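Comments concern the structure below.
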Protein chains: 2
Amino acid sequence: MAPDLRLSAAVTVDLVVLAVRDDALQVLMVRRGTAPYAGRRALPGGFVEADEDLLQAARRELLEETGVRLGRAHIEQLRAYGSPRRDPRGRVVSVAHLVVLPEASVPSAGSDADAAQWQPVHDLLAAPRKLAFDHATILRDAAQRVEDALEDSALATRLCRAPFTVAELRAVYEVVWDQELDARNFHRKMTGTPGLLVDTGRVTTRNGGRPAALFRPGRTTRLNPPLVRG
Amino acid sequence: MAPDLRLSAAVTVDLVVLAVRDDALQVLMVRRGTAPYAGRRALPGGFVEADEDLLQAARRELLEETGVRLGRAHIEQLRAYGSPRRDPRGRVVSVAHLVVLPEASVPSAGSDADAAQWQPVHDLLAAPRKLAFDHATILRDAAQRVEDALEDSALATRLCRAPFTVAELRAVYEVVWDQELDARNFHRKMTGTPGLLVDTGRVTTRNGGRPAALFRPGRTTRLNPPLVRG
DNA sequence: CCAAAAGTGTTTACCCTACACCCATGT
DNA sequence: ACATGGGTGTAGGGTAAACACTTTTGG
């Protein structure tokens with residue numbers, strides 16, 4: 001490395017892994033074993049290796065710390081956090097990533113992974129001081145992005161395990177927005193958006209009542225016009 | 001700094017400073033004097049200092065490299081760029097920021113600033129290889145964000161020097177979107193959104209014709225429902 | 001048959017587009 | 001007077017909210 005390059009900081013990736021479980025938006029958290037913030041809950045994450053992309057680092061840390069292998073699941077960069085005092089050990093700039101998994105994905109399994117546990121986002125944000133570093137801020141930003149993304153993107157389809165019914169998709173919206181939606185208008189909106197949902201031709205009665213069509217996510221990624229919150 | 005902290009990378013901030021000039025969206029670029037990419041155009045930016053926030057670093061670099069002092073102008077983080085080979089000198093993670101200035105702001109003045117020049121975004125994106133590092137990618141992402149932001153935010157009001165007329169605001173949209181808008185419907189939309197524009201009570205005839213009311217940006221930051229592109 | 005969930009139809013209200021039209025200035 | 005841009009009125013179309021109603025299962 002050239003001598004004029006100042007190695008000014010450590011660079012980490014942090015992961016906000018979200019899924020809907022038990023009618024709540026939940027996040028995968030680990031328990032810190034060492035100082036600083038020993039014993040506190042923290043977002044999974046770690047240092048970026050020398051030859052890694054930020055996204056590659058995020059995938060590797062996710063696997064190492066939680067045992068979750070990212071298949072087709074959604075991942076995107078959230079933003080960078082670089083307040084000088086966010087880590088008492090020194091200057092650490094963290095690039096936070098948002099991962100969205102279908103319901104009922106791996107709760108936790110593996111070596112490092114035993115420490116990983118699902119927690120309701122709402123509970124954690126109600127007691128932000130209990131989280132390590134500035135992870136409450138990161139979590140808040142991630143939750144906000146998901147809420148906003150549901151309005152005009154197909155992100156909700158990534159929170160459902162395929163194949164899913166329209167009602168199951170609606171349940172995701174209702175949990176994330178904490179708001180009831182009209183089942184009939186929602187149905188029209190989703191099935192009426194070309195390319196958003198692909199009908200598998202199969203049906204299910206797992207939710208009771210009349211059999212419901214089963215869908216998988218389609219190619220359309222934008223919801224236009226958006227679905228607006230009350 | 002604690003010994004277990006790996007100083008894995010240099011952290012920089014890059015700045016995408018945008019303004020509308022001469023009926024085009026333009027960006028403030030500097031000419032690199034030293035290798036790598038000597039002679040190429042690059043986004044202003046530089047290393048983050050030890051005790052600085054990322055936003056503080058962005059403000060400082062903006063002032064140092066371009067002489068632009070950010071008053072009430074809009075600044076936001078765009079995203080982090082961390083490909084391992086984006087800088088041939090070694091591992092450099094850059095956190096890009098988007099700055100939006102009103103038209104006719106400081107072209108260039110000051111010491112370092114002499115190198116800073118306004119360039120049409122469109123021209124630079126047409127020849128991406130002429131830019132240093134991955135700055136064409138960053139510029140493209142920034143331009144995309146501005147285009148999208150005009151749909152549902154008050155960002156356009158920050159691209160106008162206050163006080164401005166509705167027609168001047170519309171000109172911003174037409175330049176950024178490269179699309180003509182109906183002046184009458186646009187007028188209704190903007191003046192009809194509560195809190196978006198504050199009437200100063202003054203008028204101007206600088207654009208000819210009937211005197212136009214002069215506005216300043218209001219408190220409303222969201223445009224709801226959005227203004228959609230054709 | 002009844003409950004429950006899926007899906008369709010219909011009404012109403014709102015908003016957007018398109019364009020006719022009037023207003024207030026400079027020349 | 002007339003050209004130019006500022007601003008308002010209004011008719012038609014499309015989409016969404018609200019809700020009545022039908023469909024298809026399980027018990």
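Labels below follow one simple rule: chain letters A, B, ... track the order of the sequence lines, proteins then strands, and each chain is numbered from 1. It should be emphasised that the depicted structure is a prediction, and the values quoted were computed from it without experimental measurement. Note that these values count all heavy atoms, side chains included, but never hydrogens, waters or copies made by symmetry.
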Residues from residues 168-177 of chain A sitting under 4.0 Å of DNA chain D, heavy atoms only? none

Can you work out whether A:Asn185 or A:Pro211 has the more 5'-proximal nearest nucleotide on DNA chain C? A:Pro211

Gap between atoms [atom1] and [atom2], on [X] and [N] respectively (whole Å):
| X | N | atom1 | atom2 | result |
| --- | --- | --- | --- | --- |
| A:Leu181 | C:dA5 | CG | P | 16 Å |
| A:Asp182 | C:dA5 | CG | C1' | 14 Å |
| A:Arg184 | C:dA6 | CZ | P | 12 Å |

Just report the end-to-end axis angle for the helix from C:dC1-D:dG27 to C:dT27-D:dA1, five pairs per end, to 10 degrees.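 That helix has its two terminal axes inclined by roughly 10°.
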
CZ (B:Arg31) and CZ (B:Arg41) are apart, to the nearest 0.5 Å, by 4.0 Å

Checking only heavy atoms, does the side chain of A:Arg210 share a donor-acceptor pair with the base of C:dA5 at less than 3.5 Å? no

Can you tell whether the side chains of B:Asp148 and B:Arg229 come within less than 4.0 Å, N to carboxylate O? yes

Could you check which residues of residues 218-230 of chain A get a heavy atom under 4.0 Å from DNA chain C? Sort them by number, please. none

Under 4.0 Å, heavy atom to any atom of DNA chain C: which of residues 187-198 of chain A qualify?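 Per residue number, the list reads A:His187, A:Arg188.
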
Can you pull out every side-chain hydrogen bond (donor to acceptor under 3.5 Å, both in side chains) where at least one residue sits in residues 129-142 of chain A? Sequence neighbours excluded, please. A:Asp14-A:His135, A:Tyr81-A:Asp141, A:Arg86-A:Asp134

What are the 5'-most and 3'-most nucleotides of DNA chain D lying under 4.0 Å from any heavy atom of chain B? D:dT4 to D:dT10

